[in-house]
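This report refers to the structure that appears directly beneath it.
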Amino acid sequence: MSTASVPLPNWINYALLPLINLILAFLVSGLVVWIIGENPYEALKLMLQGALGRGEGIGFTLYYATNFIFTGLSVAVAFHAGLFNIGSEGQAYVGGLGAALVALAFDHYVPWYVTMPFAVLGAAAFGAAWALIPAWLQAKRGSHIVITTIMFNFIGAALMVYLLVNVLIVPGKMAPETRTFLPGGQLPKLDWLMALFGLKLGPAPFNVSFLIALFMCVAVWVLIWRTKLGYEMRTLGLSRSAAAYAGIPYVKIVMITMLISGGLAGMMALNPVLGASARLQVEFVGGAGFVGIAVSLMGRSHPLGIVLAAILFGVLYQGGAELSFDMPNITRDMIVVIQGLVILFAGALEYMFRPAIVRIYQQFVRG
């Protein structure tokens, strides 16, 4: 029997294997740091201190993690239905347009807590709309979802640049961005949450969208494991032929899944657009859609795992920035290498140690 088909306890699948892969990634990263002449232990210490050592660093870490939670959930929902949505980057970008239009329309008239639900719906609707055509092409024409969603990333980027340069730009200004939203269109910071732990947030843009992200984690868990639709999605993801035999409509499930996936990606825009910068800017997504793929892989497409993986990548982003400042030999490019190693071992090579773990586990059970 193939080791891939041998059932293992959840604590091995969802905790031990990812931990082993993560440790190996950091060992290899430490070797790279040592080769360029720096102390790996000091580098790790500086990274953790920069990301988790004070309130401001934690705030930035959780700010980045919020982006990755949304995009990780987006990728995970599609995974469960056997779809590989590579378009979270573009869907988040277009979702920012939906959130910004709501903020621009409402911020003069109502407080933020009235604007927020409409902004959530606007971001989700625009993100879902950007996933609609790739979903239809996959469901009705058999076009591969990977290819179409990648192409729509580029189309979405070009569309957003055009709108920001020619339509939404503030008259008389050179910067391709909207006007700054009034307080009624901004998501407030979570200073009070940090204060509960005796920490000061400082300039970190950690805001209410983090709580929205956690709520969506619960919603996705309920959807995937506690609803009929989630059961149909998981059945389709495991076997299309079995789903057809059970009477599960392929076209309907693909369309609904991709709309939910695109909507989750679109909601990522709430964090940088309404929370951090309070305006819509060019390239605000910053690669979070692609990081979401690694986050989903590392989190085993489970909301709890996605939250933990998102925090890890938040640590790498924030701690990496601090590290490159304190150790000039470790440039921003080196931080990208470390992130890439984590993605490699936690994603592409996630089952590298599974055969050995299966053998050890079987011997332990038998004897």
What are the two closest non-hydrogen atoms of [X] and [Y], and how far apart are they?
X      : Y      : value
Thr257 : Ile253 : OG1-O, 2.7 Å
Ile306 : Gly72  : CD1-O, 3.6 Å
Asn67  : Pro272 : OD1-CD, 3.7 Å
Met160 : Val94  : SD-CA, 4.2 Å
Ile69  : Ala213 : CG2-CB, 3.9 Å
Thr115 : Ala103 : CG2-CA, 4.2 Å

Taking atom [atom1] of [X] as the centre, report whether more than 12 heavy atoms of other residues, nucleotides or ligands fall under 6.0 Å from it.
X      : atom1 : value
Arg179 : CZ    : yes
Phe118 : CZ    : no
Ile133 : CD1   : no
Trp225 : CH2   : yes

Would you confirm whether [X], through its side chain, and [Y], through its main-chain N or O, come within 3.5 Å as a donor-acceptor pair?
X      : Y      : value
Arg359 : Ile357 : no
Thr71  : Ala288 : yes
Lys173 : Thr178 : no
Arg141 : Trp136 : no
Asn207 : Pro205 : yes
Ser301 : Ala76  : no
Asn271 : Tyr63  : yes
Ser296 : Ile293 : no
His80  : Gly230 : no

Transitive ILVMFWY side-chain link [X] to [Y], under 4.5 Å:
X      : Y      : value
Val161 : Phe154 : yes
Val208 : Val110 : yes
Leu211 : Leu264 : yes
Val285 : Val336 : no
Ile35  : Val33  : no

Is any side-chain heavy atom of [Y] closer than 4.5 Å to one of [X]?
X      : Y      : value
Ile256 : Leu229 : yes
Glu177 : Val282 : no
Leu27  : Leu31  : no
Glu42  : Glu38  : no
Trp112 : Pro183 : no
Trp130 : Ile155 : yes
Pro9   : Tyr361 : yes
Ile145 : Asn85  : no

How long is the span from the [atom1] atom in [X] to the [atom2] atom in [Y], to the nearest 0.5 Å?
X      : Y      : atom1 : atom2 : answer
Ile330 : Ile36  : CD1   : CD1   : 5.0 Å
Ile86  : Thr148 : CD1   : OG1   : 10.0 Å
Ile58  : Leu62  : CD1   : CG    : 7.0 Å
Leu22  : Leu308 : CG    : CG    : 11.0 Å
Met267 : Phe215 : CE    : CZ    : 9.5 Å
Gln138 : Met255 : CD    : CE    : 11.0 Å

Item to check | Criterion side chain to side chain donor-acceptor pair (under 3.5 Å) on Asn153 and Glu89, from CA distance to verdict | outcome: CA-CA 6 Å; Asn153 285 336; Glu89 186 85 1; over 6 Å; no

Checklist entry - Is the Tyr64 ring parallel, tilted or perpendicular to the Tyr317 ring (thresholds 30°, 60°)? => result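 Tyr64 vs Tyr317 ring planes: tilted.
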
Checklist entry - Would you call the rings of Phe84 and Phe79 parallel, tilted or perpendicular, where under 30° means parallel and over 60° means perpendicular? => result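 Plane angle between 30° and 60°, so tilted.
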
Next on the checklist: Could you tell me if Arg279 sits above the aromatic ring of Phe181, with its cationic atom closer than 6.0 Å to the ring centre and no more than 45 degrees from the axis?
Outcome noted: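 No, a cation-pi geometry is absent between Arg279 and Phe181.
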
Item to check | From CA spacing to verdict: side chain to side chain contact (heavy atoms under 4.5 Å, CB included), Glu322, Leu46 | outcome: CA-CA 7 Å; Glu322 295 280 347; Leu46 287 172; over 6 Å; no

Checklist entry - Is the centre of the Phe206 ring less than 6.0 Å from the centre of the Phe60 ring? => result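 Ring centroids of Phe206 and Phe60 are no less than 6.0 Å from each other.
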
Item to check | Leu199/Arg54 under side chain to side chain contact (heavy atoms under 4.5 Å, CB included): CA gap, chis, key distance, verdict | outcome: CA-CA 7 Å; Leu199 300 171; Arg54 62 188 189 280; over 6 Å; no

Next on the checklist: Testing the 3.5 Å rule here: is there a donor-acceptor pair between the side chains of Ser88 and Ser74?
Outcome noted: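 Note: Ser88 and Ser74 side chains meet the donor-acceptor criterion.
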
Checklist entry - How far apart are the C-alpha atoms of Val307 and Cys217, what are their side-chain angles, what is the distance that settles it, and do they pass the side chain to side chain contact (heavy atoms under 4.5 Å, CB included) test? => result CA-CA 8 Å; Val307 170; Cys217 286; 3.5 Å; yes

Next on the checklist: Between Gln186 and Asp107, does the side chain to side chain donor-acceptor pair (under 3.5 Å) criterion hold? Intermediate values first, please.
Outcome noted: CA-CA 8 Å; Gln186 300 180 24; Asp107 64 352; over 6 Å; no

Next on the checklist: Applying side chain to side chain contact (heavy atoms under 4.5 Å, CB included) to Trp192 and Leu190, what does each step give before you reach the verdict?
Outcome noted: CA-CA 5 Å; Trp192 58 269; Leu190 292 177; 3.6 Å; yes

